[in-house]
Number of protein chains: 2
Amino acid sequence: MTTLRDLARHLELSVTQVSRALNGHDDVSEATRLRVEEAARQLNYFPNRAARRLVSGRSGVVGFVEQSFAGIEREEILFATVTGLSEEFSSRGMQFVLHLAPKASGPERPDIVKTYDQLVRGGSLDGFVVTGPRPGDVRIRHLMENAIPFVVHGRTEEAAPHPFFDIDNHGLVLHLTRHLGALGHRRIGMVSGPQDFSYVGARQRGFEEGLAEFGAAAAPEQLRNGPMTEDFGMIAAVQMFSGPQPRPTAVICGNLRIAKGVYRALSALSLRIPEDVSVAAHDDVVAHERPELFFPALTVTRASLSESWGPLADILKEAIEGKDLKDLQKISPFSFLEGRSTGPARA
Amino acid sequence: MTTLRDLARHLELSVTQVSRALNGHDDVSEATRLRVEEAARQLNYFPNRAARRLVSGRSGVVGFVEQSFAGIEREEILFATVTGLSEEFSSRGMQFVLHLAPKASGPERPDIVKTYDQLVRGGSLDGFVVTGPRPGDVRIRHLMENAIPFVVHGRTEEAAPHPFFDIDNHGLVLHLTRHLGALGHRRIGMVSGPQDFSYVGARQRGFEEGLAEFGAAAAPEQLRNGPMTEDFGMIAAVQMFSGPQPRPTAVICGNLRIAKGVYRALSALSLRIPEDVSVAAHDDVVAHERPELFFPALTVTRASLSESWGPLADILKEAIEGKDLKDLQKISPFSFLEGRSTGPARA
DNA sequence: CCCGGCATCCGAAACGTTTCGGAAAACTTG
DNA sequence: CAAGTTTTCCGAAACGTTTCGGATGCCGGG
């Protein structure tokens, strides 16, 4: 294994100078820098990360911690996240570690914070990516208290400010609600994700805000929270449209899977889209679903999940480097695609 | 951050002794060992991996390298592997890194070996898990040439011997073939995985060996290789049973998905199982498929994929510690479950 | 010719751990 | 009680890198 000393001897330079040359410091002449780089390539030199870490305090490795659970290998979103982040960090010369803690059977993730500690205290990891934040998230609180660098995909409002990258959940539901409201809809339903995630709350606020602009309000039975699956979309729509209460004239769906279930339910209930019910959704461009392939083509807001990995990597890198917080909070915009699934409300 | 020196000062011991106490060496008295461990817990001490790596040459981190490709997040087996290994290594106090190299567009994985080099020369990784070996695999050759510790899930026969954990692919197909042969079948088809994987070759040899015992042989059109999907199973079965050539009276399927496709095809072709055609398969117990839930219940050999992660982790750990090769090659047994999908051959 | 400034360079210390060789203390044995 | 053995301990070096403070040589300006 070639070391810095080998290089230095070979070049008749000091170790110091070789190190500085390789790291692009400015007190090394252009000529020697080239000479050093050439020799490094020639001798097949790779810096020893452990040594570097030891002195500089950074290892260049970041991680993602998750508690394992049954069926985890079928979590497409989780793995889209892992693969996306892994690639992004690789291309930035960093390493990305997926750390799966063994399944636990306690109350609220008792040891996941211990895992963070262990990884960072051992000096193996520089920082973390956290996803699926909840209001008052233990993980975020713990990372902040211990000044461990991290970035959240999404955000929590309650806690003190932290680095994050998020899509404008509030704004996109507001947009969809306004769109439906302008078409004359007043009784609108929403089928969204699991109650305890922060983004679900944000969407709910956008929903209520939009309704309020038209003097409407959300009836509790028109607000359904559950897993983001086709099955849940179907169940929620059936309940919403076959119960005793007055039917909504439009539905907003949390993602395309839910929309698919809603389509199926409406079709089974002989309700036409958009004549009887307008349907709109948010599209996070995951998997193979496409709103154009719905029939009728689905009206959506769109913000691609796969475009978040780059920014997340950037933000975490900067957080580790100690940049200012205000550069580390980003909200990605969304686009709006009108399909044929939304139309004027029936009189 | 608590260091060994802090501990030593606090205990009025030397750093050496504290280190040895913590690492369970035998020249430290029981009393002080307990004292040290207690203090370590008290002061919240975690060993610094970088420092340890620097001196001992080991980092306790192992990895899995894969080149990214479109749709990778839907690869259930890949992620069953990653999650399984991650958990196993975690529980052994090691870390498991998934390293996804960016998609390449060259010929045969030109840079994947460079990735291995970089990771191991940088001293970040101690060893690798390799899956999906092919005959004459570049990765395996490279790892062996450079004396980098690794373990293969599966094996390549051609190359020099290397550590591996494999299921008895040859044996299980031999078993199924014998089972069918004993029932009087002579024209047997097989639908197996992609040609270029080593395990497919092993299965094929088991198949031919079994047939030979009954004086039979495999016709080329009765041997289908392709992706392990339900769709491919269906296609292969249709081709096999609707072509001009004499029909097989039995089919062996590479896994349950293929078997599912074969069931569908036979049903569509109005062929009864097992009266017209016997079907047997290998079950690697992945996802939610279960041979008992087939109708009629499927006859299978079974070797659970999820039981390989533990042995793989053990073997890699031992390979890194420099154990003898002969302890590092393991073949897992399989079981046999007779269902109702196999019966005597028609006269 | 001297001096300040600049461009390059270098020695040595430090990071936190393991390990080598040996030393002190405690027991055994005759 | 002396000599040997075992148990328990310790100092110092080493791993490969970065960085601090300073050194060297060279230039032009006065």
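All of these numbers come straight from a predicted model, not from anything done at the bench. Just so we're on the same page: letters track the sequence lines, and every chain starts at 1.
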Looking at B:R20 and B:D26, is there a salt bridge between them, counting it only when a charged N and a carboxylate O are closer than 4.0 Å?
no
Let's see if you get this right: which residues in residues 10-17 of chain A place a heavy atom under 4.0 Å from DNA chain C?
A:L13, A:S14, A:T16, A:Q17
Round to the nearest Å and state the distance from A:H25 atom NE2 to C:dA7 atom P.
17 Å
Do A:V18 and A:Y45 have side-chain heavy atoms sitting under 4.5 Å apart?
no
Pair A:D166 + A:R155: basic N to acidic O under 4.0 Å:
yes
When rounded to whole Å, the CZ to P distance for the pair A:R49 and C:dT17 reads 21 Å
Quick check on C:dA7: is either OP1 or OP2 less than 4.0 Å from any side-chain nitrogen or oxygen of A:S29?
no
Is any side-chain heavy atom of B:E37 closer than 4.5 Å to one of B:L22?
yes
With a 4.5 Å heavy-atom cut-off, do B:R49 and B:L54 have their side chains touching?
no
Round to a whole Å and report the spacing from CG of A:L7 to C1' of D:dG16.
12 Å
Taking atom P of D:dT19 as reference, at what distance in whole Å does atom CG of A:N23 sit?
7 Å
Short N-O contact, B:D6 and B:R9, less than 4.0 angstrom:
yes
Between B:T32 and A:F46, whichever has its closest DNA chain D nucleotide further toward 5' is B:T32
Taking NZ, NE, NH1 and NH2 as the nitrogens, is one of them in A:R35 or A:E38 under 4.0 Å from a carboxylate oxygen of the other?
no
Thinking salt bridges, do A:D314 and A:R92 make one under a 4.0 Å N-O criterion?
yes
When we call it a touch if two heavy atoms are under 4.0 Å apart, what does A:S19 touch: a base, just sugar-phosphate, or nothing?
base
Consider the side chain of B:M1, meaning its heavy atoms from C-beta on, and name the nucleotide among D:dT17, C:dG16, C:dT17 that approaches it most closely.
C:dG16
Does B:F164 reach the side chain of B:I331, with side-chain heavy atoms less than 4.5 Å apart?
yes
What is the distance, to the nearest angstrom, from the CG atom on A:D27 to the C1' atom on D:dT18?
13 Å
At less than 4.0 Å, is any side-chain N or O atom of A:R5 found next to OP1 or OP2 of D:dG16? Yes or no.
no
side-chain N/O B:N48 vs C:dC15 OP1/OP2, d < 4.0 Å
no
List in numerical order all residues of residues 53-63 of chain A for which some heavy atom is under 4.0 Å away from an atom belonging to DNA chain C.
A:L54, A:V55
Length of the line joining B:R20:CZ and C:dT19:P, which is rounded to integer Å:
8 Å
Rounded interatomic separation in angstrom, taking CG from A:L4 and P from D:dT19
12 Å
